Amino acid sequence: MHEIFNSAAYREAVLQFDRASEGLVIEEGLRERFRRPQRALVVNCPVRMDNGEVEVFTGYRVQHNQTLGPCKGGIRYHHQVDFGEVAALAMNMTWKCGLAELPFGGAKGGVAVDPYTLSQTELERLTRRYTAEILPLIGPNKDIPAPDLGTNPQIMSWMMDTYSMTQGYTVPSIVTGKPVIIGGSLGREEATGYGVAYVTEDAVKKHLKYVESPCAVIQGFGNVGSHTALKLNDMGIKVVAVSDATGGIYNPKGLEVKKLVGIVRGKGKPGDYRNGDNVTNEELLKLECDILIPAALGRVITKENAPNLKCKIVVEGANGPTTADGDDILGDRNIPVIPDIVANAGGLIVSYFEWVQGLQEYFWSVDAIFDDLKKRMKTAFVKVAEHAERDKTPMRLAALKLGINQVAKARELRGLYP
Ligand code: NAD
């Protein structure tokens, strides 16, 4: 377990916890508990590849805290996944659930694999084996996985099927983010990106009142990035650049978002869109714009590039895209950051709706889902913005403080076992 403290991502999560919880009444022993995960499983999954050979993939499931309810958190497939990163993301999930006032604790999972190098059959075998390996931890009342970077509704279907086979009956509420036909929720696929867009709309009203027609740059054009772009486009916010792992495309007059989504979903890349200039991911972050939305990997806004960003606000679609020193520089430059636990909570919120619908086997209309999602996102934004203004702190600290306080208060009420 101690190896997580060698991870920069984990150390940063602890640092942010320490900064945000300063001034909260939490006894030191419990504070120390919050700095560590509750439990974690490291699994090595042997998978028969299409060429007949066996390859071993290392995976993780980390549960940080379940004071508020069963654990909730996505599964990430990426070649750089490691124990520390997963543990950091799990901790962040705890505070995100607290802030959103949902009855969940924080968890996260991941497998160190580049999913784009695997065939569908290899991906299915890996997913089934990984699910079987983490069976001791997961369950609809224990720990409910969801999609994250590199995973999708198909992968959630295989996870649900594998779990259901071990129980002998169908258990839809074991995962969220599954296709609607097998018990998924309407709106779940769009939820994180739409949530980012709703919060961006509020942030524009608050911080960019004097900008006539604000424009946005988005890094990452997968689930979160593409749905954010589509919704911003509907709202009349011009998207001028987007990228994926292969690079980006920029046109200061605005991109045709629907066309780009069609290209990328058709297995193309942003660079295949003709009406713009190609940019690298590093160049994209430094483009002149009003709103910068990192929606891919963590730790992309750092002390190296933060002095050169030319945006007026940052809205964090990705988890942990800004390092602590990058954050300090943006603070010194008066560039407000709408932190991940506020901005990208839409997926978690509709996952909660999906879990509730699955347990009840009663499904809601898409309008009911988006109305409730919008209400909750806007309430969280206002709550955090007011808190930040009152305490004269950045929104990240205010959001974390509110999330941590919720968990700490619940812990106090529940007391300490035994
Ligand atoms: P995804 O796999 O659907 O898309 C990821 C995108 O990032 C792809 O366009 C990919 O090409 C791009 N990318 C990968 N490596 C890159 C690199 N080095 N530079 C630039 N782009 C790169 O994943 P997603 O679900 O959209 O998740 C994106 C981020 O949002 C992650 O940080 C994830 O933790 C966070 N998030 C996702 C959800 C969700 O519901 N899916 C919810 C909350 C937060």
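Index from 1, following the sequence. In listed order, ligands and their atoms are each counted from 1. Source: prediction; values computed, not measured.
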Heavy-atom proximity to atom 1 (P) of ligand 1 ranks first, among I218, V350, N223, I341, for N223
Check each heavy atom of N319 against ligand 1 and say whether those closer than 4.0 Å belong to the side chain, the backbone, both or neither.
-> both
Run the numbers for me: atoms of ligand 1, each under 4.0 Å from some heavy atom of N281, listed by number.
-> 19 (N), 20 (C)
Purely on distance, is any nitrogen or oxygen of G225 under 3.5 Å from one on ligand 1?
-> no
Charged N to carboxylate O below 4.0 Å: is that the case for E316 and R396?
-> yes
Do N344 and T192 have a side chain donor and acceptor closer than 3.5 Å?
-> no
Provide, to 0.1 Å, the distance between atom 8 (C) of ligand 1 and the closest protein heavy atom, together with that atom's residue and name.
-> G222 N, 3.8 Å
When you measure from atom 9 (O) of ligand 1 to every protein heavy atom, which one gives the shortest distance, and what is it?
-> F221 N, 3.0 Å
Look at D328 together with R19 and state whether they make a salt bridge at an N to O cut-off of under 4.0 Å.
-> yes
Among T246, V224, V242, the residue with a heavy atom nearest to atom 27 (O) of ligand 1 is V224
Is any NZ, NE, NH1 or NH2 atom of the basic residue among R125 and E122 found under 4.0 Å from an Asp or Glu carboxylate oxygen of the other?
-> no
Which protein heavy atom lies closest to atom 7 (O) of ligand 1, and at what distance to 0.1 Å?
-> A296 CB, 3.3 Å
Polar proximity ligand 1 side, A295 side, N/O cut 3.5 Å exclusive | no
When you check the gap from the basic side-chain N to the acidic O, do K178 and D161 get nearer than 4.0 Å?
-> no
Any salt bridge between E389 and K206, counting N to O under 4.0 Å?
-> yes
Distance-only N or O hit between ligand 1 and R76, under 3.5 Å | yes
Interfacing atoms of ligand 1 (cut-off 4.0 Å, heavy-atom, G317) = 30 (O), 35 (C), 44 (C)
Do we see a donor-acceptor contact under 3.5 Å between the side chains of T323 and R299?
-> no
Any non-hydrogen atom of Y116 lying under 4.0 Å from ligand 1?
-> yes
Using distance alone, decide if ligand 1 has a nitrogen or oxygen within less than 3.5 Å of any nitrogen or oxygen in G150.
-> yes
Does the side chain of Y352 come under 3.5 Å of the side chain of T176 through a donor N or O and an acceptor N or O?
-> no
Would you check if the distance from the ring center of Y130 to the ring center of W158 is below 6.0 Å?
-> no
Short N or O distance, L297 and ligand 1, threshold 3.5 Å exclusive = no
Within the 6.0 Å centroid threshold, strictly below: F5 and Y10 = yes
Sequence neighbours left out, what passes salt bridge (Lys or Arg N to Asp or Glu O under 4.0 Å) with R76? Give chain and number order.
-> E85, D148
Location of contacts on R188 toward ligand 1, heavy atoms closer than 4.0 Å = side chain
Taking heavy atoms and a distance under 4.0 Å, where does P321 meet ligand 1: side chain, backbone, both or neither?
-> neither
What protein heavy atom is closest to atom 34 (O) of ligand 1, reported as residue, atom name and distance in Å?
-> D148 OD1, 2.6 Å
Going by heavy-atom distance to atom 23 (O) of ligand 1, choose the closest among L149, N152, T192.
-> L149
Of the protein's non-hydrogen atoms, which lies at the shortest distance from atom 14 (C) of ligand 1, and what is that distance?
-> A245 CB, 3.7 Å
Heteroatom distance test (S243, ligand 1): nitrogen or oxygen, under 3.5 angstrom | no
Before accepting this row, confirm whether a basic side-chain N of the pair E201/K378 lies closer than 4.0 Å to the acidic partner's carboxylate O.
-> yes
